[in-house]
Structures are given as C-alpha cells and as structure tokens.
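One structure is given here, and the rest of the page talks about it.
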Amino acid sequence: MSTAEYESTAEYEGDVTVLEEQFMEQKSVGPIELESQDVSVWFGQRKVLEGVNIAFPKNTVTALIGPSGCGKSTYIRTLNRLHELIPGAALAGSVLYEGKDIYDTDIDPVHIRLQIGMVFQKPNPFPSMTIRGNVLSGLKLSGLKRDQHDDIVEETLTSAGLWNEVKDRLDSAAGELSGGQQQRLVIARALAVQPHVLLMDEPCSALDPTSTLKIEETIRELSKDITIVIVTHNMQQAVRVSDYTAFFLAAENEPGYVIEQGPTTDIFGSPRDQRTLDYVNGRFG
Amino acid sequence: MTQVLDREQIAEWSAQQPQRPWTKKPARLQARIAVAALLPAALVALLFMYTEIPGPVLLVAVYFPLQLLAAGIAAVATKGRQGAADSVIIVLSVGATLFSFIILTSVLGSLIVRGLEAVWGEDGFRSSFLFQNNVYINPSTPLEYGGLGHAVIGTLMIVLIASLIAVPIGIATAIYITEVRGRAVPYVRFFVQAMSGIPSIVAGLFILTVLIVSGAMNQSAFAGGLAYAILMLPTVARTAEEVLRLIPEDLRTGALALGSTRARVVLRVVLPAAKTGVITAIILGVARVIGETAPLLLTSLKSDQTILNPLTDPIAALPTYIFDNVALPYPGAVTRAWGAALVLMILVLILFTIARILGRDRLNRFR
C-alpha cells in the first residue's frame, strides 16, 4: 500500500468521527454498536482489503456499495467471524462489537454469530426441514430457548413478507418455494434468533421487484430495533434503505479500500471523491 | 402502437389440442429406418436357419457389424456425415446396453430357474428349505428334508455385526474428512483408499492370525463380522465422503451464521440433507460384503446347526453354505447351493428395499 493511499484512508477515519457527532444530533441515534478498525483481509498471500474503518451506529442501516470484486462480501463476513471458515483466510485489525474485539481469543465465534446474524446472496434454506422447521432452525441450532413457536413463525414470516404466501403450507418442504420465496424464508430464519445486528449480502439480487420492495420495507422496519449492514449493487436500493453508505473500490490486482463513506444523502448527493461521483452516477462499475 | 389481448381469440385457443411435432418423422425417413433396422435382422435369421453357424457367433460377428453399417448408411443418406456419427453412437450404446442386459438376465434367469428347484418341488413349496437347518442331513438326503435357515440366520448375524462396527466408524471417518477437516485428512484418505484394496481373504487371514490363533476369540459370527467390517469400512467411508461433499457449503455457512456449533451443523443440517446418500453408502457397504466367502472360511467356518450365540461357536452363512454344497458330487447338494444363491439374492433385495423405505426423504422428493 502506498503512503499516499494510506493517508487518504486515515483522513476518512477523521471524517467518520465528525459525521458520527452530526448524526448523533440529527437522528439522536445510540452509540456505535459495531465498528471495524484498520481491518485488512488476505486470502493466502493475496491481500484483498486494506485499512477498512467503518463504524455502524446502533439501529441504523449502512449500505456497502462498490463494483464486483472490491471486497464488500469479504468484508461483511469478517463482521461475524464467517471469514475464518475459508481455508487460507487471514485478517489484521480489529472488529469491535459493543466495544469488545470479536477476534479476542476468549470470544466464542458461535456467540458472536448468534448476535450478528447474516443473510446470504443465494438463498440457502435447509432442504431436510419444512418451512416452519427452517424458521425455527436457528433456535434449535443455537440451543436458544424461546417460547410461543407459532408466534415466532408468524411474526418473522410476516416481517419477511412471506406469511400470506405460506401460511397454509408451513409443513411442506422449503425446497418447494420459488427462489424469491426461499430468500424471504432465510431472512425470517435469521430474524427468529433475534440478532442485534443483521448482515445482508446482496439479499435482493435474486428477487423480483415486488419481493425486493417487501424486503426493503422489512429492513426499514427492522432498523428501529436492530443494526443492519447491507451489501447492494442497486444504487436506488442503497438510497431507499440506508442511513449511511460506504463506497468500496479496488484497482486491478490491488486490495480494496473504502474510498468514501458517510451519510447516504451526502454520498449520493455531494460526494467528495470523483470516483464516488462517477460510481453513484453509474459511469463505471 | 401496442397490442392488447383479443378476448374473442381466447375461445379459439381453448380448442387447441396438445401435440408433439418433434416426434414426427417424414415417411421417407421412416421407411429407411425400417429397412436399416429389419434388413440385418432378417439376414441373420436366414443365416441361422440355413447354416450351421452358432447363434452367439452370428449375433456378435454378423449382426452387430451389419446393424452398425446399415444404421450408418441410412444416417448418411438422410442426415449426412454428422448424422452418421450420431446413429453409430446410438447403435453402439443400445448394443452395449442389450449385451449387459442379456448377461444379467441370463444370470438372474438361471439363478431363479435352478434355485426354484430347491424351494419348489413336486411336493409344492418347501418351507422346510427356508426354515430348517442342516442337522441329520447328508449330501444324498432328498430335498424335502433340511434347509438353510441356519445359514440365513448366520449371514444376517454376521452382516449385522459388521454393520454395527463399520457403519458408525465409516460415517465418522467421512465426517472427519468433509466436516472436521483436520490436519490428518490426507493421511486418513490415503489409508481408506488403501484399505479398499485389501483382498477379502487377507481380511479373513488378519482376523484369523491376530484374534483367533492368538486365542482371543473363537471362530464365530463375531470373528466373521469383524472380517466383514474390515472390508465394509472403506466402502462406507468413501461413499459417505462423496455424498457429504455434495452438500453445498452454503448450508454449513448458513447454519453457522445462525449461531450453530460445528457438531449441530453436522447432526442437524448436513447429515439430514445427505440422508438418502448416507443410506446408499450403507447399502453399498452391505452389498460389498454379503456374498464374500473367503473371509468366512477362515473366521466363522461352518455349522449344520442353528447357532444363536455370536461369540462361541462356528456358524454357517449363505456364501459358505453355497461353497460347501456346490463342490459335492451329488445333484441334490448342487441344487441346494442354487437355492441358497437365490435366497441370498432375495435377502439382499429385501434388505435394500427396507433401507430405501427408511431412507426415503419426504421433504426432498422435489429436488
């Protein structure tokens, strides 16, 4: 990494602090719930991300945007310790959740993943379970005790915009649902364990416009209670759902950086970096 | 200007009938196919009737080449060179399929015909053959007396013991390779692969020298089961590994993202998703050993009595029963061997059907 680039990343760190203060006033949001500090990521010898500093204030939605291959999905997986499952994966820096580094040796990743849930790009319902079984699977898998299972099923499926379509066939196979329905099912599944943070990796890329709209409504609704980080390739979506936006960019064969971050209105309305301006206006990427 | 759905046309469309235009062939082509299919067969039929050349030779040396040639010529005439390659492939694959089908059905046919002689005589269905044992029977005793009930029990006992040992270890090995992914994976895979090359008699010899000659145990169902387990283990482990490998990584990551422990991922997500395949692994393991004779000759020996204690006494099993009887110079004994072979096959069929029913996955049927 060149010195010039490093300095530019360092600058944003300063910006964020200022913005945080602004937003504390504007939205009277709570404290920072999740924060990555100087996170760099490797696959084997290849460095794919460098010096990512993003703070996620409690009960807000942050959109991660940028062209394909710039490390957004990789980054989001470092936030709930899924990154380490990939052979050859490495990481530097720290990720603070409620002020504690989730990579501390005495932290159980299972505990972290229970608090910081995730929805993936490709729907991955468990094929051996029914629709109801999938929604409740998180409770079984994590050993979490929650009563009123029927209420949880209805509540979470309603939040995910799927309840009306499946309420009469909760005991049929999850594999019978269409791709879009499966995606909403796994969102309901992630909500059933009541995470404090929800990471969403392009959750709408396989959905039709109606389902997408439902998911976006769900995200807005959920952000009253939980912190959401969403990777999206859809600029309009970022504008519609997010409070903050971080723009990732990677040059050929170089690690990705956060070029610019801040309130979504600023990133899309008055970006300070030329590359951000070009990207949000669809001129590349 | 846009077009709008014309309501009056709907009545017209609703009268349409489903058709399959792609199945229709022009009459000229149909005639050629008929000639190409019938001419070689007719020619061979004539040769068979008017010459002394034996049927199988005609089939292999005359009919197949002729049929290939005819199909090739017909294809070139209608579709050109590309079509010729196409039809040659079709004739070859259909021919190969027929060939293996004929061999299989003739094995099966002779098994059923000769096997039924033992089970079904002038006196009707001989339940004695299925349920009695071999005590008081000598090779020249008529088929109405005695049976292989003791050998069926022996085979079931030995295979059950082998499965109880090999299935859990085999599946655990597969889980170590695909789910735990520990450091020893390359070595474990190497040993499993090497194990699958062990000749069955070596497995028997191993149990004989290490456990029986040393005095640790008697020649018994348990010793036979141990020898079978050695043979079964690599098949179960390798097949289960292949099956677990097919489970998408997404499911594991998805489960972990819900705050699951590794053990719960395996027990509640991966294994249920792979249930049908794991059952197949068990079936293949049983199929690998159930007809093995050599290890049993060394480890469980034989018996004419019905033995129910798996630890103390030598015991009969169907493969050794067949082996003993088929070598005797009495037609009755040879018939008993055929009957035992038929019973062994039906036993396998029953076991596999039960396994399939147990392994049926109601939720997965649409996948």
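Sequence lines set the chain letters: A, B, ... in the order given, protein chains first and strands last, and positions in each chain run from 1.
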Could you check whether atom [atom1] of [X] has more than 12 heavy atoms from other residues, nucleotides or ligands sitting under 6.0 Å from it?
X	atom1	value
E249(B)	CD	yes
H149(A)	NE2	yes
K275(B)	NZ	yes
R46(A)	CZ	no
F206(B)	CZ	no

Look up atom CZ in R264(B) and atom OG in S142(A), then write down how far apart they are to the nearest 0.5 Å.
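The OG atom of S142(A) is 7.0 Å from CZ of R264(B), to the nearest 0.5 Å.
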[X] side chain near [Y] side chain, heavy-atom distance below 4.5 Å:
X	Y	result
P109(A)	L256(B)	no
V110(A)	R262(B)	no
T253(B)	R77(A)	yes

Could you tell me which non-hydrogen atom of [X] sits nearest to which non-hydrogen atom of [Y], and how far apart they are?
X	Y	result
R268(B)	K140(A)	NH1-CD, 3.3 Å
F126(A)	L251(B)	CE2-O, 3.5 Å
L141(A)	A255(B)	CD1-CB, 3.9 Å
A257(B)	N80(A)	CB-ND2, 4.4 Å

Measure F120(A) against the heavy atoms of chain B and call it side chain, backbone, both or neither at under 4.5 Å.
side chain
Residue part contacting chain B, namely of P87(A), when any heavy atom lies under 4.5 Å
neither
Without swapping roles, check the side chain of N124(A) against the backbone of D250(B) for a donor-acceptor pair under 3.5 Å.
yes
Residues in residues 179-199 of chain A that sit under 4.5 Å from chain B, counting heavy atoms only:
R189(A), A190(A), V193(A)
